[in-house]
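Have a look at the structure below, then the notes.
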Amino acid sequence: MELTKGLLSILLTMILTQNFVLAKFLGICPFLGVSKKVNTAVGMSMAVIFVMALATAVTYPINKYLLVANNLEYLQTIVFILVIAALVQMVEIVLKKYMPALYNSLGIYLPLITTNCAVLGVVTLNIDSGYNFVESMVCALGGGIGFLVAMVMFAGVRSRLESCDIPKFLKGLPITLVAASLVSLSFLGFAGVVENIFA
Amino acid sequence: MNPIILAVLIVSVIGLIAGLALAVASIVMAVPVDKKAEAIRECLPGANCGACGFSGCDGYASALSKGVTKNTALCSPGGNDVSAQIAEITGLSAGNVAPSAAVVMCQGFCEKSNTKMVYNGVESCQMAKQLFGGPKECIYGCIGLGDCVRACPYEAIHICDGVARVNPAMCKACKMCVKTCPNSLIKMMPLHEAKAAVLCVNKDKGAITKKECQLGCIGCMKCVKACEFDAVKVENFCAKVDFNKCTGCGKCTEVCPVKCINLITLED
């Protein structure tokens, strides 16, 4: 019971209070680039969730048995980037072969995840928080779902922006950034909620 | 072991393993790429306009290589050159792309055509048309808010004096504007040949048309009588020229009392 509570707490914290995009400001590039339509936003988020989980599953043992065991923690960033880049490439090859429909619908977003700092963020965060393997996986899942929530919500906001009469000097990216800041501000409302649910 | 050497070793080994795995995977799980489709795609102009009837240039290229279509002359922006190149790659016969350009069938310039209101809404013909058929009294004519201008991938259309005008030298006949115009005013006309065209599609009776626009067709039948080739017909109080029959003699343009028939030569 205590274990489930702890995992649920990590999951909800990652989705709501510590949302990667809206609270930690990681992965802003796809957040602004791919959020024009809800469909592409969902596709991109699904790919991110998948890569986050996979990257965590692979980097956790590497960190524990190779880096920490040899006192080489300072290599974490470079090794993780290497692993994530290779993983994304591998996922791309596999998808192209066995699921061409999904591959075509993800398009350019799949290779773009290589440079998505939210993925590197989640694996680094797992280590900084001292999570064990199960907790790390839940954290990665929560981070991915949080990304999905932020993307889909913001895609909705942007589709409303399309039909608004926006002053000329704010058109395009400026109004998008203002809208993003307001959405981010609204997520501050979740502060303290998760901690008190499980208190 | 020296920690520096160990660090170098670990990173290199991980890199090596990842590289080898990727190399093996790319060979084992290689997806055969259609060389023919790629070569055809290289020849196509890449505007993804859809004039060929397929989903963009990639769609047309794969349809040609897979034998879905054998017509090499479907790319109107590419013209005869592209058709010949495709024929060379595929071994099919080169087709003849009749060169054509878009023409806006309206002369409702600002001072010729009366307006019934001042439109201050979203700058889009589609939107303006929802409000009482647009700001002009004539609901059939060019609204002049530039939906076609935005649709044109080649910047061949401009709004001049309240009416869209196509520059035939820039037009690649992709028909994007034809699909966009909410009043279906844009028609394709053959290049290099002089043809008479009625630059009006007003379906109202002559008396009503006359009040709305000085250059609107009133359906007086004078052009029908003047034409020796039976190329002009009046339907719904508006004359229409059959381009297949028209020889470009210009007799109809001389008799037209409102000067809405023009002899159009689209030289490029």
Side-chain angles (χ1 to χ4, degrees), chain A residues 51 54-55 57-108 110-111 114 120 123 160-168 171, chain B residues 1-35 37-38 41 46 48 54-63 65-66 118-131 145-147 150:
Chain A
V51 173
L54 205 62
V58 174
T59 51
Y60 186 85
I62 289 181
N63 179 57
K64 192 166 180 188
Y65 298 113
L66 273 180
L67 302 184
V68 176
N70 294 310
N71 290 324
L72 291 172
E73 285 92 342
Y74 67 92
L75 279 179
Q76 274 163 359
T77 310
I78 192 160
V79 169
F80 291 172
I81 286 177
L82 193 66
V83 170
I84 291 168
L87 268 180
V88 173
Q89 290 294 314
M90 190 62 98
V91 169
E92 199 181 345
I93 292 171
V94 172
L95 279 187
K96 202 173 181 179
K97 174 81 177 170
Y98 296 107
M99 284 180 259
L102 185 64
Y103 175 79
N104 284 334
S105 67
L106 286 178
I108 183 73
L110 200 54
T114 320
L120 184 66
V123 289
R160 294 292 286 271
L161 277 180
E162 295 278 308
S163 57
C164 286
D165 189 13
I166 300 159
K168 208 165 188 178
K171 264 184 187 160
Chain B
M1 198 191 276
N2 187 329
I4 294 176
I5 297 174
L6 189 67
V8 172
L9 258 180
I10 286 180
V11 176
S12 333
V13 167
I14 290 178
L16 209 63
I17 292 171
L20 278 176
L22 283 179
V24 169
S26 69
I27 295 167
V28 173
M29 293 190 242
V31 180
V33 183
D34 197 337
K35 286 267 160 53
E38 236 172 41
R41 177 65 189 76
N48 289 317
F54 294 95
S55 58
C57 297
D58 285 328
Y60 186 37
S62 75
S65 78
K66 286 187 186 129
V118 177
Y119 176 75
N120 277 331
V122 179
E123 197 163 307
S124 149
C125 306
Q126 192 80 50
M127 298 288 257
K129 195 177 159 59
Q130 316 279 320
L131 283 176
L145 291 172
D147 278 7
R150 286 181 284 275

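Here B/S26 contributes atom OG and A/K96 contributes atom NZ; the two are 10.0 Å apart, rounded to the nearest 0.5 Å. Remark: A/L82 CG to B/I14 CD1 distance equals 7.0 Å, nearest 0.5 Å. In this structure, CG on A/L66 lies 11.0 Å from CG on B/L9, to the nearest 0.5 angstrom.
Interface remark: A/L87 contributes no atoms to any contact with chain B (heavy atom separation under 4.5 Å). A/V94 touches chain B through backbone and side chain together, each having a heavy atom under 4.5 Å away. With a 4.5 Å cut-off on non-hydrogen atoms, B/I10 touches chain A through its side chain but not through its backbone.
No more than 12 heavy-atom neighbours from other residues, nucleotides or ligands sit within 6.0 angstrom of OH on A/Y65. Crowding of A/K97 atom NZ: a count of heavy atoms from other residues, nucleotides or ligands under 6.0 Å exceeding 12. Annotation for B/I4: atom CD1 does not count as buried by contact number, only 12 or fewer foreign heavy atoms lying within 6.0 Å. Counting non-hydrogen atoms of neighbouring residues, nucleotides and ligands closer than 6.0 angstrom, the CD1 atom of A/I166 exceeds 12 such neighbours.
Scanning both residues, B/L22 and A/M90, for their nearest heavy atoms gives CD2-N, 3.6 Å. Among all heavy-atom pairs drawn from B/A7 and A/L75, the shortest one is CB-CD1, 3.5 Å. What you find for B/P3 and A/Y74 is that their closest heavy atoms are O-OH, 4.5 Å.
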